[in-house]
Amino acid sequence: MTMDTAEVTFVGTATTLLRIGGFTLLTDPNFLHRGQRAYLGKGLWSKRSTEPALTVAQLPTLDAVVLSHLHGDHFDRVARRELDRELPIVTTPAASRTLRRWGFGAAEGLPTWQSRELRRGDGALRLTALPGQHGPGPLDRLLPEVMGTMIDLERAGAHRFRLYVTGDTLRTARLAEIPRRFPDVDAMLIHLGGTRIAGILLTMDAKQGADVVELIRPKLTVPIHYDDYPVFRSPLRHFVAEAKRRGFVSAVRTIARGETVPLTPPS
């Protein structure tokens with residue numbers, strides 16, 4: 001890898017390893033095995049259908065964890081037990097308070113539009129909290145606070161790369177501010193799955209996901225969070241079909257668990 005290379009390894013669910021310009025990030029750590037249950041809050045559980053591609057012990061040295069929200073399929077009991085308590089965790093204010101009670105003293109809650117920088121040599125990685133909405137209307141108040149993250153790489157003061165990680169959000173009017181503040185997105189990791197509980201949509205399905213692609217207009221879209229739990233009702237093939245119908249499928253790169261792909265647009 002060159003100093004400004006960006007790539008993603010898909011572990012499963014919304015868990016990825018990001019290697020961007022010499023920095024290494026872990027997103028939404030979910031290391032439960034197939035058949036184990038994740039707690040989704042309010043007495044609700046869902047049994048994992050897949051195996052994660054890596055264990056915590058197999059992870060490389062990390063610079064930080066980026067956590068969109070505190071649900072059991074995004075920060076599970078394995079992560080709570082096995083991750084280094086000294087790791088910086090960039091997350092929502094609500095999640096940071098809980099993580100600190102659990103002993104993760106470097107957890108930092110970012111209000112929407114606020115940033116945290118990681119630095120190494122002449123490189124800087126800026127993590128900015130973006131709006132997200134996990135549930136429709138008033139129901140959102142019953143669900144954990146959620147954020148998206150914009151990840152910007154700079155080298156010697158010059159901007160090199162921009163990645164948007166959506167988090168578990170629905171398509172909502174609040175997202176419209178993102179492209180106004182952050183144009184020219186190089187790549188987007190989009191949380192899909194069309195999660196439904198009691199018939200209520202809680203994460204983007206194929207059509208909502210396609211709407212967000214058309215809103216953000218990234219050069220490359222990599223779908224994640226789509227088939228690991230039975231509550232995910234909108235399979236990846238539906239999103240790919242919608243991307244074909246709308247004419248942007250050439251800018252979509254699908255990724256298998258355990259696969260590593262560059263976060264650069266197809267040539």
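Worth saying up front: this structure is predicted, and the values here are computed from it rather than measured.
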* To do: Please name the pair of heavy atoms, one in R180 and one in P183, separated by the smallest distance, quoted to 0.1 Å.
  => O-CD, 4.2 Å
* Apply the salt bridge (Lys or Arg N to Asp or Glu O under 4.0 Å) test between E154 and each candidate in R160, R126, R120; give the one that qualifies. => R126
* Before giving the answer on side chain to side chain contact (heavy atoms under 4.5 Å, CB included), spell out for E108 and I89 the whole-Å C-alpha distance, their side-chain angles and the decisive distance to 0.1 Å. => CA-CA 6 Å; E108 180 177 353; I89 302 178; over 6 Å; no
* **Step-by-step side chain to side chain contact (heavy atoms under 4.5 Å, CB included) determination, T195 to D168** => CA-CA 9 Å; T195 305; D168 273 15; 5.6 Å; no
* **Within 6.0 Å of NZ in K219, more than 12 heavy atoms from elsewhere** => yes
* Side chains of H74 and P144 in contact at under 4.5 Å (non-hydrogen atoms) -> no
* Asked: Got a second to check how far F10's CZ is from T16's OG1, nearest 0.5 Å?
  -> 8.5 Å
* To do: Taking the side chain as every heavy atom from C-beta outward, state whether L62 and L87 have any pair of such atoms under 4.5 Å apart.
  => yes
* Expected output: side-chain E145 to main-chain A94 donor-acceptor under 3.5 Å -> yes
* Asked: S234 side chain to A206 main-chain N or O, any donor-acceptor pair under 3.5 Å?
  -> yes
* Asked: Quick one: does P88's side chain get under 4.5 Å of V65's, heavy atoms only?
  -> no
* Side chains of L25 and L118: closer than 4.5 Å at any heavy-atom pair? -> yes
* Structure fact -> Exactly one of L18, D63, L153 clears side-chain contact (heavy atoms from CB on, under 4.5 Å) with L125, and that residue is L153
* To do: Determine whether D184 and H159 make a side-chain contact, defined as any pair of heavy atoms from C-beta on separated by less than 4.5 Å.
  => no
* **With T149, the side-chain contact (heavy atoms from CB on, under 4.5 Å) member among T91, L110, L127** => L127
* Structure fact -> Nearest heavy-atom approach of G209 to F239 is C-CE1, 3.8 Å
* To do: Answer yes if the ring centres of F75 and F104 are under 6.0 angstrom apart, and no otherwise.
  => yes
* **Side chain R48, main chain D73, donor-acceptor under 3.5 Å** => no
* Take Y164 and D152 through the test side chain to side chain donor-acceptor pair (under 3.5 Å) and record every step on the way to the result. => CA-CA 9 Å; Y164 172 32; D152 284 291; over 6 Å; no
* Could you please spell out the steps behind the side chain to side chain donor-acceptor pair (under 3.5 Å) verdict for D28 and S68? => CA-CA 7 Å; D28 293 275; S68 64; 2.7 Å; yes
* Whether H225 side chain and L192 backbone form a donor-acceptor pair below 3.5 Å -> yes
* Test salt bridge (Lys or Arg N to Asp or Glu O under 4.0 Å) applied to D228 and R34, K47, R257, the passing residue -> R257
* To do: Check the pair R233, D205 against salt bridge (Lys or Arg N to Asp or Glu O under 4.0 Å), reporting the backbone distance first and the verdict last.
  => CA-CA 8 Å; R233 303 295 176 84; D205 59 12; over 6 Å; no
* Asked: What are the two closest non-hydrogen atoms of T27 and A14, and how far apart are they?
  -> OG1-O, 2.8 Å
* Heavy-atom donor-acceptor pair, R37 side chain to W45 backbone, under 3.5 Å -> no
* To the nearest 0.5 Å, how far apart are CG in L83 and CG in L59? -> 7.0 Å
* To do: On the 0 to 90° scale, with breaks at 30° and 60°, tag the H71-H134 ring pair as parallel, tilted or perpendicular.
  => perpendicular
* Would a distance-only check, ignoring hydrogens and angles, find a side-chain to backbone donor-acceptor pair under 3.5 Å from R174 to G132? -> yes
* Counting only N and O atoms by type, is there a donor-acceptor contact under 3.5 Å from the side chain of R80 to the main-chain atoms of L99? -> no
* To do: Report, as yes or no, whether the 6.0 Å neighbourhood of atom CD on Q58 holds more than 12 heavy atoms from other residues, nucleotides or ligands.
  => yes
* To do: Measure the CD1-OG1 distance between I20 and T24 for me, rounded to the nearest 0.5 Å.
  => 9.0 Å
* **Check: D76 side chain, L32 main-chain N or O, donor-acceptor pair, under 3.5 Å** => yes
* Asked: How many angstroms lie between atom CZ of R101 and atom OG1 of T98, to the nearest 0.5 angstrom?
  -> 4.0 Å
* To do: Report yes if some heavy atom in the side chain of D4 is under 4.5 Å from a heavy atom in the side chain of R155; otherwise report no.
  => yes
* Report the C-alpha distance between E82 and F31 in whole Å, list the side-chain angles of each, state the deciding distance to 0.1 Å, and finish with yes or no for side chain to side chain contact (heavy atoms under 4.5 Å, CB included). => CA-CA 10 Å; E82 297 184 18; F31 293 99; over 6 Å; no
* Asked: Just by distance, do the side chain of R196 and the backbone of G199 share a donor-acceptor pair under 3.5 Å?
  -> yes
* Asked: What is the minimum heavy-atom distance between L215 and L175, and which atoms define it?
  -> CD2-O, 3.7 Å
* Asked: Roughly how far, to the nearest 0.5 Å, is OG1 of T203 from CZ of F232?
  -> 6.5 Å
* Asked: Which pair of non-hydrogen atoms, one from V252 and one from P223, has the smallest distance, and what is that distance?
  -> CG1-CD, 4.1 Å
* With distance as the sole test, does T128 use its side chain to make a donor-acceptor pair with the main-chain N or O of W113 at under 3.5 Å? -> no
* Structure fact -> Tightest non-hydrogen contact, residues Q133 and T172, listed as OE1-OG1, 3.4 Å
* Would you indicate whether R217, at its atom CZ, is surrounded by more than 12 heavy atoms from other residues, nucleotides or ligands within a distance under 6.0 Å? => no
* To do: Supply the atom-to-atom distance W102 CH2 to R85 CZ, rounded to the nearest 0.5 angstrom.
  => 9.5 Å
* Asked: Would you call K244-E242 a salt bridge at under 4.0 Å N-O?
  -> no
* Evaluate the side chain to side chain contact (heavy atoms under 4.5 Å, CB included) criterion for residues V213 and M188: first the C-alpha distance (whole Å), next the side-chain angles of each, then the deciding distance (0.1 Å), finally the verdict. => CA-CA 8 Å; V213 172; M188 177 166 69; 3.6 Å; yes
* Min side-chain heavy-atom separation E259-T254 under 4.5 Å -> no
* Are the side chains of Q208 and L170 in touch, meaning some heavy atoms are under 4.5 Å apart? -> yes
